[in-house]
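Shown next, in structure tokens, is the structure this report addresses.
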Amino acid sequence: MALITFTKRGIYCKQGDFYVDPWWPVDYAVTTHGHADHVRFGNKHYLCHTLTSPIIKRRISPDLDVQTLGYGESLVRNGVNISFFPAGHIIGSAQVRLEYKGEICVISGDYKIEDDGISTPFEPVRCHSFVSESTFGLPIYKWQKQQAVFDGIKSWINNNIEYQKTSILIAYSLGKAQRLIKNLAGDVPIYVHSSIANLNEVIIEAGVPLPETTRITQEITKDQLQKGIVIVPPAMRDSKWMKSLNHPVTGICSGWMQVRSHRRWQSADAGFALSDHADFTGLMEAIKATEAEKVYVTHGFTSAFSRYLNENGISSDVVTTHFGQEDDEENKADLAETVEKKTEAKTEVVK
Amino acid sequence: MKRFAQLIQQLELSNKTNDKISALVDYFNEADDKDKIWVIALFTGKKPKRPIKSSLLKYWAIDIADIPEWLFTESYSNVGDLSETIALLLPPAEHQSDLHLYEWIENLQNLEGKDDETKKDFILTAWNSLETNERFIFNKLISGNFRIGISSKNLVNALAKQSGLESVQITHSIMGKWDPYVMTFSDLINGEHVNTDNSWPYPFCLAYALDTEPENLGEISNWQAEWKWDGIRGQIVKRNGELFIWSRGEELVTEQFPELHFLVDVLPDGVVIDGEILAVKDKAVLSFSTLQQRLNRKNITKKELESAPIGFFVYDLLEFEGIDFREHPLSERRKILENIIGKLDADNVLLSEVVECDSWEQLATERQKSRELNSEGIMLKKRDSHYHAGRKRGDWWKWKVNPYTVDAVMIYAQKGSGRRANFFTDYTFAVRDGENLVTIAKAYSGLTDKEIKEVNSFVNKNAIEKFGPVRTVKPELVFEIAFEGIAESKRHKAGLALRFPRILRWRKDKNASEINTLQDLQQLLQSTL
């Protein structure tokens, strides 16, 4: 009997009676990471990495019933050994390794191979079956070393400052934003939207140091912002506030920016191909390193990627999941934060 | 090449015209003269010699990238551009090249006549010495067009700003016939070639669609009404014993239309006329689908000459006795034109008739006859108007008849190309034929970005089958399709083809049971024959 099955609620382990990243409420949810398409409201019990716990408590509710594990640690549930290994996707992201009577299955969630300087770097785990994403599972997606991308972003910023333009980087509040902060920190001050500042607080409190940033408030002048780096979540794009800044120029940091048509569709001023997902080569490397006999492809360019695996001697199936709607879900999460902030601000005025 | 790659990047990164123009001005200030000439050539649609087929590029790239062909096709459908797909698939370059743009173009030219092995060596070495964005440009030099969101108007404005010359002068200079392999930058900009070149055309005067009731244009007696013909807008230039036919796309199409070559003997020198290239038989205009048989053909068969004979309906006179007449009032130009064309006494080069009417109501009634005459409606031109360069509001209006429409259901969706490569934007529509659905048109315009996203998410959720980039979807979304004409077609299952179909609107108020039937369209077809 297989260790996991794909049900309408999510990836299910019958032997252990629990789900991994379910999209409908269940009793026991093992959580790979804190992005909204992988962890949802309403589960009775959550098991996640130590660093993911404060993030989901902040994003979903402080009252969640959460149990945590560090990387390499394990617990046994109904005879199934559950352990976590770094996925390198964002802070706290974990591959979930399940072992039952010698059978090993790894559910990797989202992952990337390159060390981004802030998430614990990806570690391949040998297994019999491997559940993989394929967000960028086409060979046109090949990332440059992140240093080269950051050099590009820095020179864009310096050029903007020289021409009195305000540099605005669009990045998800969880993951991409911290990666930018960590790698861009230097002489130019960084200003972050409150949804990012909130998560930064949580992350720092959990013991991960982050370079200094300033929360954007009414007190910060437009001139200050123009001489700095402004980081906002996708939900803030094309907002009135952004347009009101001094000669604003936007740069989107996303793997999709690899392709010209995506850059133009987004109508941003600049696109930087910086992704928290593995590129095509990365996916192949990771999968080969698992030595898995069976690979389940859950989201992204699933059919092409799975076909390629099969043609290269790695047995693979496509499974339909609700993963990979990060953009939409993140937008909602960010918007929720924005609304929340506005309400807070209003309350203050009333007081 | 690096400087050119940088320019392309700057032009693509900005949405603001001023930024684009200043990027171009910077480029024209800094770049090598020989490179500049090529940039103007490329941006105005002049292609360098292309000694290599793009299919070969594709196979070499597949080979080096070590991927199966189907994966190349998948990648291509995601990227939407062949040159870019290849650039992205190749492994990182191991060398650096500092060759100029023009040197690459010359090197490519030198490959002409060489064997495939030599060509392959050259291309592979080139790919291995260029960055991804340079490779993209290099591939474009061999296989594509440079469509990078810079209009010829912006290019002209940038050149005018950089050189301090009049933009009209530059338009003339870069529009006509010149050879980037021999022309120098300063000769081109200063128009050294245009005086000696007999061919140069004038910019076409274009009209806006009438957006008000014609009564608001004032007295009808101030206006000249003509039929708006549905063909290829053309300009015929006769100077110093030479004849040139230009299409509106600023392409020379002289060779394509031998029926008009007699004009070289009968048209006086120093005459330029504006008109419409049409299929004409017995002095009457045939349908656009007939004309279509003759377009973009390199060799024309005798049969095609007989079944789709070409004529030219003349609208206007731009040059007379070698003098630019565009600033003379239309009434005056028309008088001379009538004289010139009258003298020709030809069956296929005719004055486009003036529709004489005493009132707007009468004209509106006349306009109803448009379809019968294979016309798209009425053109209104102010009698005292000049022949403007380009589109200008006020003096010329097109008053088209409403398009035909049909309600159809979407059954296939395909991802777009270019800017829309990641969204399902190309849809195939069907009408009802008894119990079945039969496809009648493919259309890809007319929706807002927001609607495209909405349809996109419908397609993602309701895809039934997948054939490469194409999805079969549940027949549920109903659209009103507008089209300009209908013709019999053996190629299409429905037995008919729509001309210029586009999405008029999304009929969210209708469901798939309320769409039109094939019979409806067949009746329409019969009525137009």
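Below, chains carry the letters A, B, ... as their sequence lines are ordered, and counting in each starts from 1.
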Problem set entry | Any residue of residues 61-71 of chain B which, by heavy atoms, sits under 4.5 Å from chain A | Asp66(B), Ile67(B), Pro68(B), Trp70(B), Leu71(B)
Exercise. So with a 6.0 Å cut-off around NZ of Lys474(B), is the heavy-atom count from everything else above 12?
Worked result: no
Problem set entry | Test item: Glu12(B) side-chain N/O and Arg260(A) main-chain N/O as donor-acceptor pair under 3.5 Å | no
Exercise. For Glu293(A), what residues pass the side-chain contact (heavy atoms from CB on, under 4.5 Å) criterion, not counting sequence neighbours?
Worked result: His128(A)
Problem set entry | Straight-line distance of Asn78(B) CG to Gln258(A) CD, nearest 0.5 Å | 10.5 Å
Exercise. Any residues in residues 85-94 of chain B near chain A, with a heavy-atom distance under 4.5 Å, and which are they?
Worked result: Thr85(B), Leu88(B), Leu89(B), Leu90(B), Pro91(B)
For this session: Using a heavy-atom cutoff of under 4.5 Å, enumerate the residues of residues 305-319 of chain A that contact chain B, numbered in order, or state 'none'.
Result: Arg307(A), Tyr308(A), Glu311(A)
